[in-house]
Amino acid sequence: MSSIVTSLAVPSTYRDQQYQGSSNQFVNDLTATATLYVGNLSFYTTEEQIYELFSKCGEIKRIIMGLDRNQKTPCGFCFVEYYHRADALDCMKYVNGTKLDERVIRCDLDPGFKEGRQFGRGKSGGQVRDEYRTEFDPGRGGWGHRMRYQLEREREQKMKETYEPIKEIPKGADQYKNRVPDASGSRKRERGSEDDMERKRLKEQNPRFRENDEDDDEE
């Protein structure tokens, strides 16, 4: 029986460029898979949050978080494996296009996770999309990597133009340096004057101290 409503459980036309197998094998894997690729996640979304949302469609076998290849930190995608294919299809219907951490996430059927696919493929270690992104996205690390590099270069150039280092020592700088008094010597003089004032005060208050001090002077 035909239907005028398009099914929401249909996978996209995207094919992983690093998939090792023929086109027929790829189609067969998608037909039998119970694995989902989840994209457009925030870098700060945790595995617990993903489990709480996706477990509403069925029992989850495991979740594999996508990681930056260099930093080994989350970089905005993951794989969710269900025990049953029907649960993955339900997830395509009911979770795909919903919001998680204030971001619209997308789900797609995946032919199956293999070790190594959890790492980003961009030159900077993250996802390729974040290499060329020109808008500021606080949920995905701010600026894209190329835009960030360009902004840093512009900032360094501006600092060089604004705060150019002194190449020649101004005249008279050495003379001024020689006029600066020795701080240690001044502290010694201050300490010596304080000792003299203390001795004078003791002489005035204690006659015995004054007599002993006169004896020392005679010797």
Side-chain angles (χ1 to χ4, degrees), residues 8-23 25-27 29-30 33 35-54 60 62-81 88 91-92 94-167:
L8 298 176
V10 176
S12 69
T13 57
Y14 173 79
R15 175 177 174 175
D16 185 2
Q17 298 298 320
Q18 296 187 8
Y19 176 80
Q20 298 178 352
S22 63
S23 299
Q25 183 63 42
F26 181 78
V27 173
D29 289 343
L30 283 182
T33 187
T35 303
L36 291 175
Y37 170 89
V38 184
N40 200 39
L41 292 172
S42 167
F43 288 1
Y44 307 103
T45 299
T46 64
E47 183 175 340
E48 289 76 13
Q49 289 175 281
I50 297 171
Y51 185 90
E52 182 180 0
L53 176 61
F54 283 78
I60 295 175
R62 64 170 176 167
I63 296 174
I64 303 99
M65 297 295 292
L67 302 175
D68 184 290
R69 188 175 63 256
N70 301 324
Q71 304 297 329
K72 302 300 184 291
T73 55
C75 65
F77 72 98
C78 73
F79 297 92
V80 178
E81 291 185 354
C91 190
M92 289 279 292
Y94 307 123
V95 177
N96 184 31
T98 59
K99 279 190 174 183
L100 178 61
D101 265 354
E102 299 302 320
R103 300 182 66 86
V104 177
I105 61 174
R106 60 184 182 86
C107 307
D108 199 5
L109 288 175
D110 188 85
F113 172 79
K114 291 185 178 180
E115 186 62 32
R117 292 188 64 199
Q118 71 268 38
F119 298 118
R121 298 173 182 174
K123 292 183 179 180
S124 301
Q127 288 192 281
V128 176
R129 57 171 290 193
D130 291 317
E131 293 286 336
Y132 303 96
R133 179 166 46 80
T134 57
E135 72 276 4
F136 185 85
D137 190 343
R140 294 183 69 89
W143 296 106
H145 293 293
R146 292 197 176 188
M147 178 61 71
R148 185 187 308 157
Y149 177 75
Q150 179 181 343
L151 293 174
E152 289 178 355
R153 291 290 301 273
E154 292 177 356
R155 182 179 62 84
E156 292 176 358
Q157 184 64 29
K158 186 176 181 180
M159 289 186 64
K160 288 181 180 179
E161 295 174 355
T162 307
Y163 306 100
E164 185 176 357
I166 299 176
K167 297 180 181 179

Yes or no on side-chain hydrogen bond (donor to acceptor under 3.5 Å, both in side chains) for Arg121 and Gln17, after CA distance, side-chain angles and deciding distance? CA-CA 11 Å; Arg121 298 173 182 174; Gln17 298 298 320; over 6 Å; no
Is the shortest distance from a Lys or Arg side-chain nitrogen in Asp16 or Lys114 to a carboxylate oxygen in the other one below 4.0 Å?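 Salt bridge flag = no for Lys114 with Asp16.
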Is the NZ or CZ atom of Arg117 both under 6.0 Å from the centre of the six-membered ring of Phe79 and within 45° of that ring's axis?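 Relative to the ring axis of Phe79, which defines the angle, Arg117 lies outside at least one limit.
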Where the side chain of [X] meets the backbone of [Y], is there a donor-acceptor pair that is under 3.5 Å apart?
X: Asp68; Y: Thr73; result: no
X: Arg133; Y: Gly142; result: yes
X: Thr33; Y: Thr35; result: yes

Considering the options Arg69, His145, Arg140, which one meets the side chain to side chain donor-acceptor pair (under 3.5 Å) requirement together with Gln127? Arg140
For Glu156, look at atom CD and say whether over 12 heavy atoms of other residues, nucleotides or ligands are found less than 6.0 Å away. yes
Is the number of heavy atoms from other residues, nucleotides or ligands within 6.0 Å of CZ (Phe136) greater than 12? yes
Heavy-atom distance under 4.5 Å between the side chains of Phe54 and Ile63, does that happen here? no
Applying side-chain hydrogen bond (donor to acceptor under 3.5 Å, both in side chains) to Thr46 and Gln49, what does each step give before you reach the verdict? CA-CA 5 Å; Thr46 64; Gln49 289 175 281; 3.3 Å; yes
Salt bridge (charged side-chain N to carboxylate O under 4.0 Å, His left out) between Arg103 and Asp137, intermediate numbers included: CA-CA 11 Å; Arg103 300 182 66 86; Asp137 190 343; 2.9 Å; yes
To the nearest 0.5 Å, what is the distance between CG on Asp110 and CG on Leu36?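 If I round to the nearest 0.5 Å, the distance is 8.0 Å.
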